[in-house]
Amino acid sequence: MKNYAQVYVKNSLEAAQIYCEAFGAEITVSMQNPEGTAYEHCELSVDGECILALSEAENPCDVAFVHRMKWETMTFNAFDLGSEEAVYRAFRVLSNGGVVVHPIQEVPWNPCCATVIDRFGVCWWIAM
């Protein structure tokens, strides 16, 4: 069995590029709508392993409200990124237009981690 998360966001084409930049991923499956303006399904992989699927959300999400309330309804844990540099890169990319819930810090279970809600309203815990 394989298991990975799928997010539904507005601006899915942009979101896929942002997530690829943040995690050094590549798009390995890409199915766009007939107009080519959104993903019906997209899979992102790192080292040949799928880490995330995404699709265009049919219904809007009030991302400004999510940011204002720092609403963590579900968090994606991206860990074992390998280095502080990788955590800082992901933090920089994901927090651009988003909101920082917890800045990069050391906690008892990880020496370099942060929590960010990105510009699409998706919450990430990123860690070394």
Side-chain angles (χ1 to χ4, degrees):
M1 180 176 120
K2 291 188 177 188
N3 186 19
Y4 52 84
Q6 179 158 335
V7 295
Y8 292 85
V9 298
K10 287 295 186 184
N11 304 314
S12 58
L13 296 177
E14 178 186 9
Q17 292 305 312
I18 293 294
Y19 298 150
C20 283
E21 182 182 348
F23 299 113
E26 63 178 332
I27 295 171
T28 51
V29 175
S30 169
M31 292 173 251
Q32 294 182 7
N33 63 8
E35 300 80 25
T37 58
Y39 284 116
E40 291 181 349
H41 183 78
C42 179
E43 294 178 9
L44 308 180
S45 298
V46 174
D47 298 327
E49 292 292 323
C50 187
I51 62 163
L52 180 70
L54 63 101
S55 296
E56 187 74 17
E58 290 184 28
N59 299 312
C61 172
D62 187 349
V63 176
F65 177 79
V66 171
H67 286 171
R68 187 172 58 256
M69 300 306 292
K70 294 187 177 180
W71 196 5
E72 302 169 81
T73 59
M74 183 172 147
T75 299
F76 292 95
N77 295 323
F79 55 97
D80 287 343
L81 293 182
S83 67
E84 284 189 16
E85 178 182 311
V87 173
Y88 276 87
R89 179 187 68 231
F91 179 82
R92 176 183 45 79
V93 171
L94 296 173
S95 63
N96 183 14
V99 65
V100 175
V101 177
H102 298 111
I104 294 176
Q105 61 187 325
E106 182 176 341
V107 294
W109 56 91
N110 197 283
C112 182
C113 63
T115 305
V116 174
I117 301 172
D118 68 26
R119 72 178 84 180
F120 308 103
V122 177
C123 187
W124 297 92
W125 180 72
I126 51 176
M128 201 166 84

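If you're wondering where the values come from, they're calculated on a predicted model, not measured in any experiment.
Annotation for Ala114 and Phe91: closest pair CB-CD1, 3.7 Å, computed over non-hydrogen atoms. Closest approach of Gly121 to Val63, counting heavy atoms only: N-CG1, 3.7 Å.
The ring pair (Phe, Tyr, Trp, His ring centres under 6.0 Å) analysis of residues 28-68, with sequence neighbours excluded, yields the pairs Phe65-Trp71. The salt bridge (Lys or Arg N to Asp or Glu O under 4.0 Å) contacts involving residues 116-128 comprise Glu14-Arg119, where partners must be two or more places apart or lie in separate chains. Screening residues 55-69 for salt bridge (Lys or Arg N to Asp or Glu O under 4.0 Å), with sequence neighbours left out, gives no hits. Within the structure, no pair that satisfies the side-chain hydrogen bond (donor to acceptor under 3.5 Å, both in side chains) test touches residues 90-99, not counting sequence neighbours.
Side-chain contacts under 4.5 Å among hydrophobic residues (ILVMFWY), followed directly or transitively, place Tyr4 with no other residue at all.
Under a hydrophobic clustering in which Ile, Leu, Val, Met, Phe, Trp and Tyr are joined whenever their side-chain heavy atoms come within less than 4.5 Å, directly or via other members, Leu44 and Val93 fall into the same cluster. Val99 and Tyr88 are not part of a single hydrophobic cluster, where members link through side-chain heavy atoms under 4.5 Å apart. By the rule that hydrophobic residues join a cluster once side-chain heavy atoms approach within less than 4.5 Å of another member, Ile18 and Val87 end up as members of one cluster. Linking Ile, Leu, Val, Met, Phe, Trp and Tyr residues whenever their side-chain heavy atoms come within less than 4.5 Å places Met128 and Ile126 in a single cluster. Residue Ile117 is not grouped with residue Ile104 when hydrophobic side chains (ILVMFWY) are merged at heavy-atom distances under 4.5 angstrom, including chains of intermediate members.
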Please tabulate, one pair per line, all N/O donor-acceptor pairs under 3.5 Å involving side-chain atoms of residues 74-82, not counting sequence neighbours.
none

Contacts under 3.5 angstrom, residues 21-32 side chains, donor-acceptor by atom type, not counting sequence neighbours:
from  : atom 1 : to    : atom 2 : distance (Å)
Thr28 : OG1    : Glu43 : O      : 3.4
Thr28 : OG1    : Ser45 : OG     : 2.9

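Considering only residues two or more places apart in sequence or on other chains, Glu35 meets the side-chain contact (heavy atoms from CB on, under 4.5 Å) condition with Asn33, Thr37. The side-chain contact (heavy atoms from CB on, under 4.5 Å) test applied to Thr115 returns Glu72, Val101, His102, Cys123, Trp125, not counting sequence neighbours. For Ser55, the side-chain hydrogen bond (donor to acceptor under 3.5 Å, both in side chains) partners two or more places apart in sequence, or in a different chain, are Gln6.
Under the 4.5 Å side-chain criterion, counting only non-hydrogen atoms from C-beta, Ser12 is not in contact with Gln17. With contacts defined as side-chain heavy-atom distances shorter than 4.5 Å, the pair Cys61/Phe120 does not qualify.
Here the side chain of Lys10 pairs a donor or acceptor atom with the backbone of Ala57 at under 3.5 angstrom.
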